[in-house]
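Okay, structure first, notes after.
In what follows, chains carry the letters A, B, and so on, assigned in the order in which the sequence lines appear, proteins first and then strands, with residues in each chain numbered from 1.
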Amino acid sequence: MSELYIRVAEDENEEPMEIPSEDDGTVLLSSVAAQFPGACGLRYRNPESQCMRGVRLLEGVLHAPENDWGNLVYVVNYPKDNKRKMEEIDAASAVKIKRGFQKTSDLIVLGLPWKTTEQDLKDYFTTFGEVIMVQVKRDAKTGNSKGFGFVRFTDYETQTKVIAQRHMIDGRWCDCKLPNSKACPDEPMRSRKIFVGRCTEDMTTDELRQYFMQYGEVTDVFIPKPFRAFAFVTFADDQVAQALCGEDLIIKGVSVHISNAEPKHNNSRQMMDRGRFGVNLVSIPTGGTAYILRSYYLKIHCLLFC
DNA sequence: GTTGAGCGTT
């Protein structure tokens with residue numbers, strides 16, 4: 001195998017993009033998906049029959065037809081008829097790519113007055129830049145504010161500016177910091193499975209699969225029943241899983257936190273801790289509802305439902 | 001109905 005790159009396009013008569021092949025001459029689906037988010041395979045026009053042919057895909061690895069990619073232009077396959085949806089995903093991944101250089105994360109807002117609402121927070125922080133979401137953490141029973149919340153900005157510069165100063169919100173000085181949960185150092189786990197924390201009950205396995213597909217081939221989605229506010233997503237490629245660790249992703253308007261999935265054993269104490277939350281999770285009232293900018297929400301909504 | 005450093009139902 002001498003090819004270093006193969007030519008891939010979204011359509012036969014569109015300008016192709018060069019995608020790198022591996023040392024053994026195969027091409028990773030994740031390499032294709034990196035340029036064409038949501039891609040699930042490749043096809044090409046067989047010069048002899050003039051018919052479209054599929055490229056063999058095994059475990060996320062694309063194999064050259066007859067061991068030679070040749071000089072053909074390969075066309076991206078998308079799941080079902082999701083092309084429209086992929087355009088939306090493109091918009092979403094553009095956000096991610098942008099964040100790739102200087103990624104923003106949720107900031108914890110400490111010292112909020114009890115009376116401060118999510119609308120108040122949004123109004124205040126919008127004066128610094130575009131706000132993706134705000135939350136005020138409340139007691140589940142009483143609905144009282146716990147005096148802290150979270151905010152997420154579109155631009156990293158905004159985040160930097162907000163962290164750098166104190167904030168007078170509704171008559172109290174508040175601080176914005178990177179939350180402790182951000183700590184996700186280089187673990188030697190190399191797991192293909194990620195832990196998705198802070199899930200809401202309305203997230204289905206299909207929706208999670210749809211969402212995470214944009215990052216790479218998803219091999220499994222597991223949501224514990226009864227509802228426990230987290231899920232596991234397994235990728236074909238451990239690099240995809242590892243790359244997502246530490247991220248805060250917004251799914252259906254909710255900020256979920258991605259971390260390494262811990263091995264099944266060794267968590268009996270965690271199970272005990274969780275026990276008290278086992279029931280009464282059926283209805284989550286207004287507390288914890290994220291306020292989402294309309295435009296952003298529509299994009300995400302469309303991404304998941306259209 | 002109270003409170004004032006913290007960390008988001010692993």
Side-chain angles (χ1 to χ4, degrees), chain A residues 104-116 118 121 125 131-153 159 162-163 166-184 187 189 191 193-203 208 221-234 241 244-292:
Chain A
T104 66
S105 49
D106 297 0
L107 301 179
I108 188 164
V109 189
L110 265 6
L112 289 175
W114 312 118
K115 61 174 185 180
T116 298
E118 292 180 343
L121 269 194
F125 283 115
V131 172
I132 295 173
M133 73 102 210
V134 292
Q135 292 178 326
V136 170
K137 288 299 167 192
R138 298 175 182 279
D139 183 276
K141 283 204 189 93
T142 67
N144 291 335
S145 166
K146 290 183 177 172
F148 72 95
F150 292 87
V151 62
R152 175 90 161 269
F153 295 97
Q159 168 171 319
V162 165
I163 293 177
R166 300 251 284 158
H167 301 271
M168 178 58 76
I169 303 176
D170 290 339
R172 272 184 62 92
W173 284 109
C174 303
D175 292 304
C176 293
K177 302 176 183 173
L178 285 169
N180 296 336
S181 56
K182 282 282 95 39
C184 185
E187 291 283 322
M189 303 222 30
S191 172
K193 192 193 282 187
I194 56 170
F195 178 90
V196 185
R198 305 199 301 267
C199 288
T200 50
E201 198 161 12
D202 62 324
M203 293 177 186
L208 290 182
V221 177
F222 180 73
I223 300 179
K225 300 278 157 53
F227 175 67
R228 291 209 273 157
F230 62 88
F232 293 104
V233 175
T234 309
L244 286 173
C245 282
E247 292 272 358
D248 288 308
L249 304 175
I250 295 188
I251 304 179
K252 299 179 83 171
V254 177
S255 172
V256 301
H257 185 68
I258 310 301
S259 55
N260 258 308
E262 286 170 21
K264 277 178 188 164
H265 57 275
N266 191 23
N267 59 356
S268 53
R269 200 185 71 81
Q270 294 172 17
M271 298 294 274
M272 300 272 284
D273 286 351
R274 266 186 237 131
R276 63 200 148 119
F277 298 116
V279 220
N280 77 9
L281 290 167
V282 187
S283 66
I284 296 178
T286 53
T289 307
Y291 180 92
I292 300 296

key: For atom NZ of K225(A) and atom P of dT9(B), their distance in whole Å   = 20 Å
query = Roughly, in whole Å, what's the span from CZ in F195(A) to P in dT9(B)?
reply = 12 Å
inquiry  = Run the side chain to side chain contact (heavy atoms under 4.5 Å, CB included) test against A231(A) and tell me which residues pass, sequence neighbours left out.
reply    = V196(A), C199(A), L208(A), I223(A)
inquiry  = Using the side-chain heavy atoms of S255(A), tell me which of these nucleotides is nearest: dT9(B), dC7(B), dG8(B).
reply    = dG8(B)
note = Nearest heavy-atom approach of R198(A) to D106(A) is NH2-OD2, 3.7 Å
inquiry  = How many whole angstroms separate atom CZ of R152(A) from atom C1' of dG8(B)?
reply    = 13 Å
task = Take L107(A) and R152(A) through the test side-chain contact (heavy atoms from CB on, under 4.5 Å) and record every step on the way to the result.
result = CA-CA 6 Å; L107(A) 301 179; R152(A) 175 90 161 269; over 6 Å; no
query = Strictly under 6.0 Å, is that where the ring centroids of F195(A) and H257(A) end up?
reply = no
query = In whole angstrom, what separates K177(A)'s NZ from dG8(B)'s C1'?
reply = 15 Å
d(CD1, I132(A); P, dG8(B)) in whole Å = 21 Å
key: Cation-pi check, K137(A) onto F148(A) ring (under 6.0 Å, within 45° of axis)   = no
query = Atom NZ of K137(A) and atom P of dG8(B): how far apart are they, to the nearest Å?
reply = 9 Å
key: Residues which pass salt bridge (Lys or Arg N to Asp or Glu O under 4.0 Å) with D170(A), listed by chain and number, not counting sequence neighbours   = none
message = I need the CG-C1' distance between D248(A) and dG8(B), as an integer number of Å.
response = 9 Å
inquiry  = On DNA chain B, compare the nucleotides closest to I108(A) and G197(A); which residue's is nearer the 5' end?
reply    = I108(A)
query = Does the base of dG6(B) carry an N or O that pairs as donor and acceptor with the side chain of N180(A) under 3.5 Å?
reply = no
key: side-chain contact (heavy atoms from CB on, under 4.5 Å) partner of L244(A), chosen from N260(A), I194(A), V233(A)   = I194(A)
ask   = More 5' along DNA chain B: F232(A) or V109(A), using each one's nearest nucleotide?
value = V109(A)
ask   = Expressed in angstrom and rounded to an integer, what is the separation of D139(A) atom CG from dC7(B) atom P?
value = 17 Å
ask   = R198(A) has a side chain; which of dT9(B), dC7(B), dG8(B) sits nearest to it?
value = dG8(B)
Distances under 3.5 Å only, N/O to N/O: pair up the protein atoms with those of nucleotides 1-4 of chain B.
residue	atom	partner	partner atom	Å
dG4(B)	O6	W114(A)	NE1	3.0
dG4(B)	N1	L112(A)	O	2.6
dG4(B)	N2	L112(A)	N	3.4
dG4(B)	N2	L112(A)	O	3.1
dG4(B)	N2	G147(A)	O	2.9

